[in-house]
Amino acid sequence: ELTVRAFSFQLKPDRGRAGDQLRAWAAAHPNVKLNVQSVDDFNGDVLATDVAAGTAPDLVFAEGGAVQPLLTSGQLLDLSPWYDLAELEQDYLPDYWNNFMAYEGKLYGVYQDTEARVVYYRPDFLAEAGLTAPANGWTYAEMRDYARQLTTADRAGVCIGKEGYIELAMAVANGLNFGEDFTYDNEAVRAYYQFLSELIADGSTPAEQVGLTRDQCAQLFAAGKVAMIFLHSNGITTYTSGSPALLTPEQIGVVSLPVLNAGDPFGTFGGGFMWVVPAKEYSAAQLATIKDLLQYMTSQDSQVSYALFRGFLLARQSYMAEINRLVVEDPGVSSSVVGAFYPNWIEIAQNNLTSIPRDPNTTVYRLGLAAGLEVIQAGQSVDNAVQAATDYFEANKK
């Protein structure tokens, strides 16, 4: 018997990172009773309490930042005997390795996947406006110009939305180092708010759209009501699957987040989800079963197939190289929407600048940025937005 805990959305057939793989493994191991705990709210404090009480599951799939505090407390099992630590360190995409997997030379978690925050655009609308496709590394000024030219009487140039990770991604792409630079009064944040203010002033982004959710923006994009959106890499697959699909491959282009100055490194916000094993008493048979499941879930064969279907990025460069090979050599993969996007996604991910900070204030910082976004939405100044973000952080930081 083996108990696995994961967020409920990770287990759903239409969205899940882990559900399909767990079901496949369970079907191949009928002698193992697999109990999957589906939770809607999870953090490291909950797992720490369960470890102390002896009620922890055997395997956990969680966001790296949520379980990072457990690394230094002895509450996670050392996985070093099951993996080659030096090989993993060399194979992981830039900075993703730093997302809480290892501590003092021991391995406590294995990343399965991550995402790239990107800008999607409608090539059909660009052609209509006489515009060529934007290139990775484009600037705020260039995106503002595209948005103006793509705006019509019944279509917005770009939907910004209120997705907090977009604020993080935009600031990170402009050089802000979370974990070290916990201040809002800096060029990266001010430039981001200024960019939003100008889009609204131009009429390229209706102020009411700034408050929309990520999914609402994507629905407008699919309906042809906006020409560009910010979204994570796998977010578009909801609109390209199904029968009939809301969008075809020809109706979608992808480019990096804009940067402040031409020539700045472009990147993304590189978080992700990882597997950990709570430290508790296991029998030899239990350990062998946990090892088998964990190595299956993090294997190339397991990950590549689901990533090509779901639109996730994989943390290992060797796995991404295999996806690239399939995109080049397999017409069925290259003609799919997800397969067609992978070269750009990989370039963006490999230019990643920083990752989730090793700091408990991450969420408070993100929500502070969202507070400033609301000020911009209300038509107030960049100074007021910076102040609102700062006030929120100061009032709520740990």
Using side-chain heavy atoms (C-beta onward) and a distance below 4.5 Å, is [X] in contact with [Y]?
{"X": "L231", "Y": "R214", "result": "yes"}
{"X": "I160", "Y": "Q209", "result": "no"}
{"X": "P278", "Y": "V60", "result": "yes"}
{"X": "I290", "Y": "L2", "result": "yes"}
{"X": "E1", "Y": "V32", "result": "no"}
{"X": "S73", "Y": "V51", "result": "no"}
{"X": "M170", "Y": "F230", "result": "yes"}
{"X": "L220", "Y": "I229", "result": "no"}

Spell out, as yes or no, whether a donor-acceptor pair under 3.5 Å connects the side chain of [X] to the backbone of [Y].
{"X": "S256", "Y": "G137", "answer": "yes"}
{"X": "D264", "Y": "N261", "answer": "yes"}
{"X": "E142", "Y": "T139", "answer": "yes"}
{"X": "R155", "Y": "L150", "answer": "yes"}
{"X": "N186", "Y": "A188", "answer": "yes"}
{"X": "D91", "Y": "S318", "answer": "yes"}
{"X": "Q295", "Y": "W82", "answer": "yes"}
{"X": "Y120", "Y": "S233", "answer": "yes"}
{"X": "Q216", "Y": "T213", "answer": "yes"}
{"X": "S302", "Y": "T298", "answer": "no"}

Could you label the plane-to-plane angle of the [X] and [Y] rings as parallel, tilted or perpendicular, counting under 30° as parallel and over 60° as perpendicular?
{"X": "F312", "Y": "Y306", "answer": "tilted"}
{"X": "Y92", "Y": "Y111", "answer": "perpendicular"}
{"X": "H29", "Y": "W25", "answer": "parallel"}

For atom [atom1] of [X], decide whether the heavy atoms of other residues, nucleotides or ligands shown that lie under 6.0 angstrom number more than 12.
{"X": "Q37", "atom1": "CD", "value": "yes"}
{"X": "F309", "atom1": "CZ", "value": "no"}
{"X": "K280", "atom1": "NZ", "value": "yes"}
{"X": "E187", "atom1": "CD", "value": "no"}

Nearest atoms (heavy-atom pairs only) where [X] meets [Y]:
{"X": "P134", "Y": "L126", "value": "CD-CD2, 3.7 Å"}
{"X": "R5", "Y": "P57", "value": "NH2-CD, 3.4 Å"}
{"X": "L260", "Y": "A191", "value": "CD1-CB, 3.6 Å"}
{"X": "D78", "Y": "L107", "value": "OD1-O, 3.2 Å"}
{"X": "V382", "Y": "I376", "value": "CA-CD1, 4.3 Å"}
{"X": "A169", "Y": "L257", "value": "CB-CD1, 3.4 Å"}

Once you round to the nearest 0.5 Å, how far does [atom1] of [X] lie from [atom2] of [Y]?
{"X": "C217", "Y": "L212", "atom1": "SG", "atom2": "CG", "result": "5.0 Å"}
{"X": "Y296", "Y": "Q303", "atom1": "OH", "atom2": "CD", "result": "10.5 Å"}
{"X": "R190", "Y": "N174", "atom1": "CZ", "atom2": "CG", "result": "14.5 Å"}
{"X": "Q300", "Y": "M320", "atom1": "CD", "atom2": "CE", "result": "11.0 Å"}
{"X": "Y108", "Y": "L77", "atom1": "OH", "atom2": "CG", "result": "9.0 Å"}
{"X": "L93", "Y": "L313", "atom1": "CG", "atom2": "CG", "result": "7.5 Å"}

Between [X] and [Y], do the side chains contain an N or O donor and an N or O acceptor separated by less than 3.5 Å?
{"X": "E347", "Y": "N136", "result": "yes"}
{"X": "D301", "Y": "S299", "result": "no"}
{"X": "Q286", "Y": "D58", "result": "no"}
{"X": "Q21", "Y": "Q112", "result": "yes"}
{"X": "Q387", "Y": "D383", "result": "no"}

* To do: Kindly determine whether N396 and L367 satisfy side-chain contact (heavy atoms from CB on, under 4.5 Å), including the steps that lead there.
  => CA-CA 10 Å; N396 295 280; L367 294 176; over 6 Å; no
* Residue pair L22, L11: steps toward the side-chain contact (heavy atoms from CB on, under 4.5 Å) verdict -> CA-CA 9 Å; L22 287 171; L11 303 171; 3.9 Å; yes
* Please name the residue in the list Y140, W138, Y121 that meets the ring-ring contact (aromatic ring centres under 6.0 Å, His included) test with Y146. =>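 Of all the options given, the one that passes is W138.
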* **Y192, Y365, Y392 screened by ring-ring contact (aromatic ring centres under 6.0 Å, His included) with Y184, the one that passes** => Y365
* Hey, mind stepping through D145 and Q149 against side-chain contact (heavy atoms from CB on, under 4.5 Å) and telling me if it holds? -> CA-CA 6 Å; D145 185 57; Q149 295 189 62; 2.9 Å; yes
* Say whether W345 and V328 are linked into one hydrophobic cluster, either directly or through other cluster members, by side-chain heavy-atom distances under 4.5 angstrom. =>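 W345 and V328: separate clusters.
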Are any of the side-chain nitrogens in [X] or [Y] under 4.0 Å away from the carboxylate oxygens of its partner?
{"X": "D20", "Y": "R310", "result": "yes"}
{"X": "D154", "Y": "K225", "result": "no"}
{"X": "R325", "Y": "E322", "result": "yes"}

* **L59/T3 under side-chain contact (heavy atoms from CB on, under 4.5 Å): CA gap, chis, key distance, verdict** => CA-CA 7 Å; L59 196 58; T3 301; over 6 Å; no
* Quiz item: cation-pi between R122 and F125, 6.0 Å / 45° ->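 Output yes; distance and angle both within limits.
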* **Stacked cation flag R144 on F195, 6.0 angstrom / 45 deg** => no
* Asked: Between F61 and F7, is the ring centre distance below 6.0 Å?
  -> no
